[in-house]
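The first residue of the sequence shown is numbered 1, and numbering continues consecutively from there. Remember, it's a predicted structure, so these values are computed and weren't measured experimentally.
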Amino acid sequence: MLQEVTGVLVINQLSNTGADRIIMTTASSITIRKYRIQDLSPVVRLFTDSVHELTAAAYDETQRYAWASRTPNLDTWQQRLEGMETLVAEDGSALAGFISYEPDGNIDLVYTAPNYARQGIASTLYLEAEEQLKAKDLKELRTESSVVARPFFERHGFEVVDEQRVTVRGAHFLRYNMRKSLLA
């Protein structure tokens with residue numbers, strides 16, 4: 001069955017059987033699938049590149065390096081991702097984006113590769129994750145959003161609950177505790 005999702009055509013519902021979802025855009029075809037251990041290094045590289053390239057207008061160099069080290073610890077990342085569900089978006093063999101979320105509805109990570117930014121990849125990943133979380137009968141989704149990601153989450157129905165000032169590796173950040181009700 002075909003359906004329109006934020007300006008892209010979706011073929012084949014991602015299901016519990018592990019089937020991939022194919023996203024057809026005007027330029028390419030994007031596949032949404034579950035994360036595999038061999039995705040670890042490309043996911044971490046995408047995260048690092050995304051933070052350093054896509055957030056430069058909002059965060060200074062010290063903040064970006066505190067947020068995303070240029071020499072990340074892959075063991076730490078592997079442990080972090082093992083506790084979550086992660087979906088990846090691929091364009092052929094290129095990683096275009098990923099989303100990681102906890103079974104209780106906390107959206108932890110949503111990132112796109114810089115060359116795929118603003119093309120609907122993050123929204124498509126988010127909508128797939130939301131559908132999977134709705135299937136678990138959750139009543140609410142949560143996230144701690146950066147200044148850069150706040151508008152993205154607001155477009156998807158999240159509201160700011162409060163602002164938080166946090167320190168990460170000596171750098172100070174403003175982030176937003178956000179919620180979205182899944183009740184109709």
Chi angles and distances behind the side-chain contact (heavy atoms from CB on, under 4.5 Å) call for Trp67, Thr55: CA-CA 11 Å; Trp67 185 357; Thr55 70; 3.9 Å; yes
Chi angles and distances behind the side-chain contact (heavy atoms from CB on, under 4.5 Å) call for Leu109, Val43: CA-CA 11 Å; Leu109 303 161; Val43 161; over 6 Å; no
side-chain contact (heavy atoms from CB on, under 4.5 Å) evaluation trace for Met84 with Asn106: CA-CA 9 Å; Met84 293 186 278; Asn106 183 57; over 6 Å; no
Working for side-chain contact (heavy atoms from CB on, under 4.5 Å), residues Phe158 and Leu141: CA-CA 8 Å; Phe158 283 75; Leu141 301 180; 3.8 Å; yes
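Counting heavy atoms from C-beta on, the side chains of Val160 and Phe153 never come closer than 4.5 Å. Two residues are said to be in side-chain contact when any heavy atoms from C-beta on lie closer than 4.5 Å; Phe47 and Phe98 meet this criterion.
Residues satisfying the side-chain contact (heavy atoms from CB on, under 4.5 Å) test with Pro72, not counting sequence neighbours, are Val44, Thr48, Trp77. Evaluation of the side-chain hydrogen bond (donor to acceptor under 3.5 Å, both in side chains) rule for Glu53 yields no partner, not counting sequence neighbours. Here Thr143 pairs with nothing under the side-chain hydrogen bond (donor to acceptor under 3.5 Å, both in side chains) rule; sequence neighbours left out. For the salt bridge (Lys or Arg N to Asp or Glu O under 4.0 Å) test, no residue two or more places apart in sequence or in another chain qualifies with Arg165. Under the rule for a side-chain contact (heavy atoms from CB on, under 4.5 Å), the partners of Glu61 that lie at least two apart in sequence or sit in another chain are Arg64, Tyr65. Glu130 meets the salt bridge (Lys or Arg N to Asp or Glu O under 4.0 Å) test with Lys134, Lys180; sequence neighbours excluded. With sequence neighbours left out, the side-chain hydrogen bond (donor to acceptor under 3.5 Å, both in side chains) criterion links Asp104 to Arg142. Not counting sequence neighbours, the partners of Glu154 by the salt bridge (Lys or Arg N to Asp or Glu O under 4.0 Å) test are Arg150. Evaluation of the side-chain contact (heavy atoms from CB on, under 4.5 Å) rule for Ala117 yields Leu54, Thr112 as partners, not counting sequence neighbours. The side-chain contact (heavy atoms from CB on, under 4.5 Å) test applied to Asn177 returns Val161, Asp162, Gln164, Arg179, not counting sequence neighbours. Not a single side-chain hydrogen bond (donor to acceptor under 3.5 Å, both in side chains) links Ser41 to another residue, sequence neighbours left out. Contacts of Arg155 classified as salt bridge (Lys or Arg N to Asp or Glu O under 4.0 Å), with partners at least two apart in sequence or in another chain: none.
Contact record, Gly83 with Pro103: O-CD, 4.3 Å, taken as the closest heavy-atom pair. When all heavy atoms of Ala89 and Ile30 are compared, the pair lying nearest together is CB-CG2, 3.8 Å. In this structure, Ala68 and His52 approach most closely via the heavy-atom pair O-NE2, 2.6 Å. In this structure, Ala129 and Tyr101 approach most closely via the heavy-atom pair CB-CE2, 3.5 Å. Across Val88 and Lys34, no two heavy atoms sit closer than the pair CG2-O, 4.4 Å. Closest of all the heavy-atom pairs between Ser100 and Thr86 is OG-OG1, 2.7 Å.
Within the 3.5 Å criterion, the main-chain N or O of His172 finds a donor-acceptor partner in the side chain of Gln63. Side chain of Ser146 to main chain of Ala149: a donor-acceptor pair is present (N/O by atom type, distance under 3.5 Å, no hydrogens or angles).
Here the rule is side-chain contact (heavy atoms from CB on, under 4.5 Å) with Ile99, and of Val110, Leu127, Ile32 only Val110 fits it.
Of the inter-residue distances, the one linking Gln79 atom CD with Asn73 atom CG reads 8.0 Å to the nearest 0.5 angstrom. Note that the CD1 atom of Ile107 and the CG atom of Leu133 stand 5.5 Å from one another [nearest 0.5 Å]. Atom-to-atom distance recorded for Ser29:OG and Glu90:CD is 10.0 Å, nearest 0.5 angstrom.
Using a cutoff of 4.0 Å between basic side-chain nitrogens and carboxylate oxygens, Arg33 and Asp39 are scored as salt-bridged. Checked for salt-bridge contact, Arg70 and Asp49 meet the test: a charged N lies under 4.0 Å from a carboxylate O.
Between the side chains of Tyr116 and Asp91, at least one donor-acceptor pair of N or O atoms lies under 3.5 Å. With 3.5 Å as the limit, one finds no donor-acceptor pair spanning the side chains of Tyr35 and Glu85.
Ring planes of Tyr126 and His156: tilted class, angle from 30 to 60°. Note: Phe173 and Tyr59 have tilted aromatic rings, judged against thresholds of 30 and 60 degrees for the angle between ring planes.
Around the CD atom of Glu140, the shell of radius 6.0 Å holds more than 12 heavy atoms that belong to other residues, nucleotides or ligands.
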